[in-house]
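Indexing begins at 1, ligand by ligand and atom by atom, following the structure's order. Only heavy atoms go into these numbers, but all of them, side chains included; no hydrogens, no water, no symmetry mates.
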Amino acid sequence: MTSQTTIDYAKTDVFTEYAIAADPHGFFEYLRAQGPIVPLGNRNVVAVTGYDEGCAIFRDDENFSAINTVTGPYLPLDYDPHRPMDEQIDSCRAQNGYLASIMSEDTSAHEKSKAILNGIITPARMKANEAYMYEVADQIIDEFIDKGRFNVVTDFGQPFAQLVIAELIGVPEEDRVSVRGMAADPNQMPGNLGGGFDMSANPLARMGMQFYGYVLDRRANPRDDVLTRLCQQTYDDGSLPPPEAVVAVATFLFGAGQDTTVQLFAAMLRLLADNPGLEDRLRAEPALIPDFVDEALRIEGVTKSTFRYVRNRVTIGGFTFEPGQHVMLNIAAMNRDPAKYEAPNAFNLDRKNVRTHVAFGRGLHACAGGPLARAEGRVAVERLLARLKNIRFDEGRHGPANARQFQYLPNYSLYGVIEQWMEFDRV
Ligand code: HEM
């Protein structure tokens, strides 16, 4: 994607401006030119583009709270320097259900949710789930292969990601049909430009209700299945979590593991279409596919930005953060920091340090689904390349090479497209 040169970034609000959501890298370079940590001058936000500085913040749970990961600066909390910080954070969290998800929790609450999560994403489950990925990838490709074209987002990415997570957490096979098509409205996702999003309209609410039923049922009538083991998973002290806690973690997995992974698939197919010879090289050297997935995660910046809330005055990278500030950790910019990556704006399949990227974050909240997402990316590329060739953009939809057109997610956290039509020949 090319950089926007016509925007006056100094006067433009990243939290409302579609042009930056559509092309964030021009904005990130504008920030980087001022330093690795820069106050934005509005909404009490400090933006980070430096790799080392961002990693130091990711790892500092003492001075930075995760309460604003989902809301960014639209956190319903007006910091009052005369009241204890923890009390303000706790009462804000108590009033807003979506601030209680694992990604926004701090220390002890987070530890409890993590215990439930550890019961879901086990090595044995991951292994079984990978076998299912191959099966489901082929089933989904069968649905469009005769058409010679497909929309990566809805025809491949969403059903694949939805069914894989459903299998991972043990949604019974007969109920998986209802999971398909459970995608959120692109205008109602966390990180929505302007801040407003309506979780009650999110299909995950329906998933939550379904899961509540599973927990009650499997606790009363245990069976020998994945779902029963998940519903019976205990905290580290041996106590059984309340049903709502299990539902919250399981439902969060559906949300966290969907749009991100879908956009990873779309990004990888853009790279395949834009780099002649790449398809053939990956077919000839399949051992390079994992590196391809990681370089796509690095350069395409699906998880564009996440947030932390400053608890205490602290100095990092020469910058002093003040309590109540929002830190915008621009992952996509950290992944293109020239101090870390040589020729950072170029796609390079042979990049030696590609695995150091922070697309999955770092520290306490580092992505629990990272290994799963990497496996999904690898299996998807393996199966798509086994069955499709000459993968190219549908130029009737997206225009010619020098003037591509996409509708982008109107989002300041997640970068991606609303649809992406590709054409292909059968292998
Ligand atoms: C390409 C795909 C994905 C990307 C780029 C991605 C990225 C991220 C990032 C950056 C974070 C940390 C945010 C922060 O610290 O503020 C995160 C957290 C998380 N992700 Fe992912 N993710 C992906 C796929 C998945 C999948 C497939 C799952 C689940 C099956 C998942 C589950 C989670 C969970 C549970 C957390 C919260 C962890 C915690 O707070 O302890 N993610 N993800």
Checklist entry - If you count the atoms of ligand 1 from 1 in the order shown, which ones are under 4.0 Å from a heavy atom of Thr69? => result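 So the answer, numbered in order with elements, is 16 (O).
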Checklist entry - Which atoms from ligand 1 have a heavy atom of Phe58 less than 4.0 Å away? => result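 Going through ligand 1 atom by atom, the ones under 4.0 Å from Phe58 are 15 (O).
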Shortest protein contact, [atom] (heavy atom only):
{"atom": "atom 30 (C) of ligand 1", "result": "Leu372 CD2, 3.3 Å"}
{"atom": "atom 7 (C) of ligand 1", "result": "Ala359 O, 3.4 Å"}
{"atom": "atom 13 (C) of ligand 1", "result": "Met103 SD, 3.8 Å"}
{"atom": "atom 29 (C) of ligand 1", "result": "Leu253 CD2, 3.6 Å"}
{"atom": "atom 12 (C) of ligand 1", "result": "His365 O, 3.4 Å"}

[Y]/[X] salt bridge by N-O under 4.0 Å criterion:
{"X": "Glu295", "Y": "Arg298", "value": "yes"}
{"X": "Asp142", "Y": "Arg387", "value": "yes"}
{"X": "Arg378", "Y": "Glu130", "value": "yes"}
{"X": "Arg355", "Y": "Asp291", "value": "yes"}
{"X": "Glu29", "Y": "Arg32", "value": "yes"}

Checklist entry - What about His110: any of its N or O atoms under 3.5 Å from an N or O on ligand 1? => result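 There is such a contact, yes.
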Checklist entry - Should Thr306 be counted as touching ligand 1, given the test is an N or O pair under 3.5 Å? => result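 Right, the criterion is met.
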Next on the checklist: Would you call the rings of Phe27 and Tyr9 parallel, tilted or perpendicular, taking 30° and 60° as the class edges?
Outcome noted: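 Phe27 vs Tyr9 ring planes: tilted.
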Item to check | Ring-face cation contact, Tyr132 with Arg176, 6.0 Å cut, 45° max | outcome: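 Yes, Arg176 and Tyr132 form such a contact.
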Next on the checklist: Applying the side chain to side chain contact (heavy atoms under 4.5 Å, CB included) criterion to Leu269, which one of Phe150, Phe393, Phe156, Phe424 satisfies it?
Outcome noted: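 So, applying the side chain to side chain contact (heavy atoms under 4.5 Å, CB included) to Leu269 and each of Phe150, Phe393, Phe156, Phe424, only Phe150 qualifies.
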How does [X] reach ligand 1, by side chain, by backbone, by both or by neither, if only non-hydrogen atoms under 4.0 Å count?
{"X": "Ile331", "result": "side chain"}
{"X": "Leu297", "result": "side chain"}
{"X": "Phe252", "result": "side chain"}

Does ligand 1 have any atom that is closer than 4.0 Å to a heavy atom of [X]?
{"X": "Val302", "answer": "no"}
{"X": "Phe307", "answer": "no"}
{"X": "Leu364", "answer": "yes"}
{"X": "Arg308", "answer": "yes"}

Item to check | From CD (Glu279) to CG (Leu384), nearest 0.5 Å | outcome: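 The CD atom of Glu279 sits 10.0 Å away from the CG atom of Leu384.
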Checklist entry - CG/Leu99 to CD1/Ile89 distance, rounded to the nearest 0.5 angstrom? => result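 Leu99 atom CG to Ile89 atom CD1 measures 10.5 Å (nearest 0.5 Å).
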Item to check | side chain to side chain donor-acceptor pair (under 3.5 Å) partner of Arg311, the single match among Asp61, Asp106, Asp60 | outcome: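 Among Asp61, Asp106, Asp60, the one meeting side chain to side chain donor-acceptor pair (under 3.5 Å) with Arg311 is Asp106.
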Checklist entry - How many N, O or S atoms of the protein are nearer than 2.8 Å to atom 21 (Fe) of ligand 1? => result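 For atom 21 (Fe) of ligand 1, the figure is 1.
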Checklist entry - Regarding Asp225 and Thr228, is there a side-chain donor-to-acceptor distance under 3.5 Å anywhere? => result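 Short answer, yes.
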Item to check | Test ring-ring contact (aromatic ring centres under 6.0 Å, His included) applied to Tyr309 and Tyr79, step by step | outcome: CA-CA 10 Å; Tyr309 191 69; Tyr79 173 62; 7.0 Å; no
Donor-acceptor contacts under 3.5 Å from residues 337-345 side chains, at least two apart:
| residue | atom | partner | partner atom | Å |
| --- | --- | --- | --- | --- |
| Asp337 | OD1 | Ala339 | N | 2.8 |
| Asp337 | OD2 | Tyr51 | N | 2.8 |
| Tyr341 | OH | Thr356 | O | 3.4 |
| Tyr341 | OH | Thr356 | OG1 | 2.9 |
| Tyr341 | OH | His357 | N | 3.2 |
| Asn345 | OD1 | Arg336 | NH1 | 3.2 |

